[in-house]
Structure formats: C-alpha cells, structure tokens
**Student:** 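Have a look at this one.
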Amino acid sequence: MYRIIFFFPQLLALAIVAVIFGRVFGPDKSGMLNGLFPASWKPWLFLADERYAMACILIVLIWQAVGFYVVLFSAGMGSISDDIYEAAALDGATRVTLFFRITVPLLWSTIQVAWVYLGIAAFDAFALVNIMSVDRGGPNGATSVLSLMIYRNAFDFSQAGYACALGVVLFFLTLTFAALTLRVTRRDSVEA
C-alpha cells in the first residue's frame, strides 16, 4: 500500500503537478497555503519572493520524484536474498550492521543509478520552473535553470544559435555529471 501512495505523484503529469502546486503556493489569499492563515495576516509571497521561490520548487520536485526512488530501492532490496540476512543475524549482526555491511553493498549499483537519475532531474527542472514561477525564471531570476534559459533564448529572445549552444553545454554537463558519478561511486561488484 505504501508503494502505491508514494508512487502516485509519479503517475501525474509534471505539468499537472506544477499547476496544482502553483495554486498551493499562490502569492495572495487565493493560494491554498495562504488561505490557511487568518485573513488579518499578510499573505506570504511564496513563489513571488526570491528567498522562497526555489525552495518551493525543490519541495515539489522532491515530492514528485520520491515515488520513483521508493520503487527503485524496493525492487533492489527485494532482490537481496533473505538467506544472507538470516546468516548474518545468526552471526550476531545488529540491524545497523546488516544495513551497512549487507544492504548498502548489495544495493550499490541501484544507488549509482539513483544518483545519475537525480542529477539528470536536477539539471532539467524546466517544466516546474516554467509553470510555477510567477514570471519565467522567478523573481530576479531566482528560479532560473539552464533548461529555462535555453527555452527563453530560443523562443522569447529569438536567439536560436545561443540556445543551441546552451543546449550543447547542458548535454555535456549532464554527460559529465553522469560519468563522474559512476566513476566516483565505482566499487567492486558484490555477488549475492
């Protein structure tokens, strides 16, 4: 049941999630979060304030993506044989020892994949920023990300060449991040 609850946000289109949370974090009393406060309170400018805008977007990104990682790690943990845990428990291993000496080493390839996916998602937060921000890029560019800069240069400023160059930079940043992550987190494989 918990897998279904955690995975549900992954089923929603990112645009729908962005529109919903744009309404939740709305900068006036029509925003659902501001509607919880008494009418005498000054409304918080969640997405219109450069101090809070990126934090609000990060909260939504985490909420939307956590289901994928729950399923990913549940599948990885399900592939570890119970016999290994039983043998370690018979040898006197504690829960902490089981986690760090058995679970983490046997899940290491899953952890590597999760880091790569997380990095790629962080580089491409375009949809949420574009839809949730009060104006694209947020207040004073506080929520501007590279993929949004590519979009704005291509379609708002008609600078297709510059946008293509930024796209190539984004590609190589993502590729470099993935390669470095896999290189830094490389370990000898552990067989179950």
**Student:** Can you name the nearest heavy-atom pair linking Val17 to Pro9, along with the distance?
**Tutor:** CG2-O, 4.4 Å

**Student:** Quick one: pull up OG in Ser147 and CG in Asp124 and give me the separation to the nearest 0.5 Å.
**Tutor:** 4.5 Å

**Student:** Should we say atom OH of Tyr162 is surrounded by more than 12 heavy atoms from elsewhere, each under 6.0 Å from it?
**Tutor:** no

**Student:** Counting only heavy atoms from other residues, nucleotides and ligands, does the tally under 6.0 Å from CH2 of Trp115 exceed 12?
**Tutor:** no

**Student:** Within this structure, what is the CD1-CD1 distance for the pair Ile84 and Ile102, rounded to the nearest 0.5 Å?
**Tutor:**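 Here the interatomic distance stands at 7.0 Å.
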
**Student:** Please report the closest heavy-atom contact between Ala18 and Ala127, naming both atoms and the distance.
**Tutor:** CB-O, 4.4 Å

**Student:** Is any side-chain heavy atom of Thr110 closer than 4.5 Å to one of Phe73?
**Tutor:**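 Yes, at least one pair of side-chain atoms sits under 4.5 Å.
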
**Student:** Do the side chains of Thr185 and Ile111 get nearer than 4.5 Å, heavy atoms only?
**Tutor:**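 With C-beta onward as the side chain, the pair stays apart.
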
**Student:** What distance separates Phe100 CZ from Arg95 CZ, expressed to the nearest 0.5 Å?
**Tutor:** 14.0 Å

**Student:** Applying the 4.5 Å side-chain criterion to the ILVMFWY set and letting contacts propagate, would Leu118 and Ile120 be lumped into a single cluster?
**Tutor:** no

**Student:** Under 4.5 Å between side-chain heavy atoms, hopping through other hydrophobics if needed: is there a path connecting Met77 to Tyr117?
**Tutor:**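 Per the 4.5 Å side-chain linkage, Met77 and Tyr117 are co-clustered.
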
**Student:** Rounded to the nearest 0.5 Å, what separation is found between the CZ atom of Arg183 and the CG atom of Leu180?
**Tutor:** 9.5 Å

**Student:** Going from CG on Leu166 to CZ on Arg152, what distance comes out if it is rounded to the nearest 0.5 angstrom?
**Tutor:** 12.5 Å

**Student:** Would you say Ile150 and Phe126 make side-chain contact, with heavy atoms under 4.5 Å?
**Tutor:** no

**Student:** How are the rings of Phe177 and Phe123 set to each other: parallel, tilted or perpendicular (split at 30° and 60°)?
**Tutor:** perpendicular

**Student:** Do Leu107 and Phe99 sit in the same hydrophobic cluster, where Ile, Leu, Val, Met, Phe, Trp and Tyr count as joined when their side-chain heavy atoms come under 4.5 Å apart?
**Tutor:**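 They do share one cluster, since a chain of ILVMFWY contacts under 4.5 Å joins Leu107 to Phe99.
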
**Student:** Given a cutoff of under 4.5 Å between side-chain heavy atoms of I, L, V, M, F, W and Y, with clusters grown through shared members, what are the other residues clustered with Ile59?
**Tutor:** none

**Student:** Do Phe25 and Ile57 make a side-chain contact, defined as non-hydrogen atoms from C-beta onward lying under 4.5 Å apart?
**Tutor:** no

**Student:** Side-chain heavy atoms nearer than 4.5 Å, only ILVMFWY residues, links allowed to pass through others: does that put Leu61 and Leu12 together?
**Tutor:** yes

**Student:** If hydrophobic clusters are built from ILVMFWY residues whose side chains come within less than 4.5 Å, do Val145 and Leu58 share one?
**Tutor:** yes

**Student:** Measure from the side-chain N and O atoms of Asp49 to the backbone N and O of Arg51, and report whether any donor-acceptor pair falls under 3.5 Å.
**Tutor:** yes

**Student:** Answer yes or no: is there a side-chain heavy-atom contact under 4.5 Å between Leu128 and Thr143?
**Tutor:** no

**Student:** Rounded to the nearest 0.5 Å, what's the gap from CH2 on Trp108 to CZ on Arg186? Could you check?
**Tutor:** 13.0 Å

**Student:** Against Phe21, only a single residue in Gln64, Met132, Met32 fulfils side-chain contact (heavy atoms from CB on, under 4.5 Å); can you say which?
**Tutor:** Met132

**Student:** Indicate yes or no: at least one non-hydrogen side-chain atom of Phe46 is less than 4.5 angstrom from one of Val24.
**Tutor:**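 They are not in side-chain contact.
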
**Student:** If every non-hydrogen atom of Leu98 is compared with every non-hydrogen atom of Ala93, which pair is closest and at what distance?
**Tutor:**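 For Leu98 and Ala93, the tightest heavy-atom pair comes out as CD2-CB, 4.0 Å.
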
